[in-house]
Number of protein chains: 2
Amino acid sequence: MTATAPRDETVHEAPSARQQAVLDAVLALLVEEGDQLTMDAVARRASCSKETLYKWFGDRDGLLTATVRWQASRVHAGREAVGALDAATLRERLLDFAVTWLDVIAGRTSVVLNRIAIAHAGSRKGNLGAIVLANGRLAIGGRVKPVLEAGRTAGLLAFEDSETAFRTFFGLVGRDIQIRLLLGDALDLDAAEIRRDAARAVDQFLALYGQARP
Amino acid sequence: MTATAPRDETVHEAPSARQQAVLDAVLALLVEEGDQLTMDAVARRASCSKETLYKWFGDRDGLLTATVRWQASRVHAGREAVGALDAATLRERLLDFAVTWLDVIAGRTSVVLNRIAIAHAGSRKGNLGAIVLANGRLAIGGRVKPVLEAGRTAGLLAFEDSETAFRTFFGLVGRDIQIRLLLGDALDLDAAEIRRDAARAVDQFLALYGQARP
DNA sequence: GAGGCCGCGTACCGTACGGTACGGTACTGG
DNA sequence: CCAGTACCGTACCGTACGGTACGCGGCCTC
């Protein structure tokens, strides 16, 4: 290729600080205005030109994708290191996951982003859905399953397939909350209620899969 | 009012046969084409004029609302009558609910309609979300809870709040299935797998809430 | 301090789509 | 046989919005 190739600058890796500001503007707009997000509105809100948006993100979908990725990159905090499980720490780890997860899905941002991704999944070319899935359901699965397996090797849990066990955990924690929020049910959970719900879910999960150390 | 009032014919009660055909066309289009449903496409598919669509349904939202209602009216089959529960029939009733419910939410039509309703809920004036909620989550809740309560009075189940118990049941049955489908995950469940999943959920629910007859 | 780049603001274009108007045809009641 | 009505087909209108073009000001480099 010759030297004049204009070099594709669309965001594929980490966005710059300015770009992050734009993506935050998108999130804010999404949360405030529902999902009729226009490129004009984004440009105005972020004080940048539409041309810049298209240069950085390619097209509307690119902007949405970058936004979802950006939001996902913020949620992935959280320690790892699984070793040395006793019953109390197992319960605590599960409780921690449950609370964190409920906090996320009950948040306005998560609801709106999931709405966008779901709408997107309905109109073909739906990578947005896949991205949200990978960073939501699948990501938390990937982090919980090692804990479950550690619980099993410690003789605290009994199950055959960690995926199945995790899906039960997921169901016990999430129940009808996500679908209700997505469909617009008010249902505002405060921190106390989330903690109660999470504890109940963990208790139920342990009742189903726990076993006294043999 | 004078005699020349043009009389609002928009569909509020049961749609006529011809109107049902139109609504079926909408459903077919929705399932086939994803959700970029245009009034033009509906008119073409249903062999009717756009003017008629607007006369019957008011506007696009009205058409969508009527479609959701129409679909909901088909799902509500199912016997009632709760009396005389023993352990086997309780299990059978719950299993029946679980299978039916999974069948519904795994169907293309349900997925598409939920997508529409969710997108709608994101743009204010979201009665669609409320309708889907009322005919989905809330309707099944209303039908399951009497069974649970009958189970309790028969001494087969132990719980304080039937709503809470039902939500646990809901979570155990649905798990991550609905959100994954909404986000475009392939995940095609055949009848056998649905039956297996439903049975597992019922077993787990009974393990949590069941008690031997005292 | 002159050229070059980046990016803001704004004006502009094309099109898809919601909604309306209108002519034509079939059926019904008087 | 003549209104009146219902409804189909199609042409049309207005607008919102995705995407592009262009001018101008600030900043960096030589």
Side-chain angles (χ1 to χ4, degrees), chain A residues 2-11 15-26 29-30 32-67 116 119-120 122-128, chain B residues 2-11 15-26 29-30 32-67 116 119-120 122-128:
Chain A
T2 65
T4 55
R7 160 161 158 57
D8 179 17
E9 292 189 84
T10 58
V11 176
S16 71
R18 184 74 181 93
Q19 289 170 340
Q20 290 178 13
V22 171
L23 297 179
D24 282 331
V26 173
L29 230 33
L30 243 24
E32 290 166 23
E33 303 293 330
D35 69 352
Q36 75 288 32
L37 180 86
T38 69
M39 299 300 276
D40 253 309
V42 172
R44 230 176 307 120
R45 173 67 163 251
S47 294
C48 71
S49 73
K50 280 170 69 177
E51 197 170 22
T52 303
L53 291 182
Y54 284 102
K55 185 173 177 192
W56 284 348
F57 303 104
D59 58 6
R60 190 173 182 275
D61 269 9
L63 177 60
L64 255 22
T65 303
T67 303
I116 297 276
H120 201 94
S123 359
R124 275 187 263 296
K125 72 196 165 145
N127 38 343
L128 266 198
Chain B
T2 65
T4 55
R7 160 163 156 58
D8 179 16
E9 292 189 86
T10 58
V11 176
S16 71
R18 182 74 181 92
Q19 288 169 343
Q20 289 177 15
V22 171
L23 298 179
D24 281 332
V26 173
L29 230 32
L30 242 24
E32 290 167 23
E33 304 292 332
D35 69 351
Q36 75 288 34
L37 179 87
T38 70
M39 300 298 276
D40 253 310
V42 172
R44 230 176 306 122
R45 173 68 164 251
S47 293
C48 71
S49 73
K50 280 169 71 176
E51 198 169 20
T52 302
L53 290 183
Y54 285 102
K55 186 175 178 192
W56 285 349
F57 303 103
D59 58 6
R60 188 173 183 275
D61 270 9
L63 178 60
L64 254 21
T65 303
T67 303
I116 297 276
H120 201 94
S123 358
R124 277 186 262 296
K125 76 202 160 138
N127 38 342
L128 266 198

Provide, to the nearest angstrom, the distance between the [atom1] atom belonging to [X] and the [atom2] atom belonging to [N].
X     : N      : atom1 : atom2 : answer
B/M39 : C/dT20 : CE    : P     : 10 Å
A/L53 : C/dC8  : CG    : P     : 8 Å
B/R45 : D/dG9  : CZ    : C1'   : 18 Å
A/F57 : C/dG7  : CZ    : P     : 11 Å
A/K50 : D/dA16 : NZ    : C1'   : 11 Å
A/Q19 : C/dG7  : CD    : C1'   : 12 Å

I need the minimum non-hydrogen distance between [X] and [Y], along with the two atoms involved.
X     : Y      : answer
B/P15 : B/L23  : CG-CD1, 4.1 Å
B/R60 : B/Y54  : N-CE2, 4.5 Å
B/S49 : B/A43  : C-CB, 4.2 Å
B/C48 : B/L53  : SG-CD2, 3.7 Å
A/D35 : B/S123 : OD1-OG, 3.4 Å

Distance below 4.0 Å between B/W56 side-chain N/O and D/dC7 OP1 or OP2: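 Checking D/dC7 against B/W56, a side-chain N or O does come within under 4.0 Å of OP1 or OP2.
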
OP1 or OP2 of C/dG7 under 4.0 Å from side-chain N/O of A/K55: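 For A/K55, the contact criterion (side-chain N or O under 4.0 Å from OP1 or OP2 of C/dG7) is met.
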
Working for side-chain contact (heavy atoms from CB on, under 4.5 Å), residues A/D59 and A/M39: CA-CA 9 Å; A/D59 58 6; A/M39 299 300 276; over 6 Å; no

Touch class at under 4.0 angstrom, heavy-atom based, for B/L37 against every strand present: sugar-phosphate

Touch class at under 4.0 angstrom, heavy-atom based, for B/R18 against every strand present: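 Sugar-phosphate only.
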
Give every pair of a protein N or O atom and an N or O atom of nucleotides 22-26 of chain C that lie under 3.5 Å apart, one pair per line with the distance.
from, atom 1, to, atom 2, distance (Å)
C/dC22, N4, B/E51, OE1, 2.1
C/dC22, N4, B/E51, OE2, 3.4

Salt-bridge criterion met for B/R45 and B/E32 (N-O under 4.0 Å):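 Here B/R45 pairs with B/E32 in a salt bridge, since their nearest N and O are under 4.0 Å apart.
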
First encountered from the 5' end of DNA chain D, between A/D40 and A/S49: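 Going by which nucleotide is closer to the 5' end, it is A/D40.
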
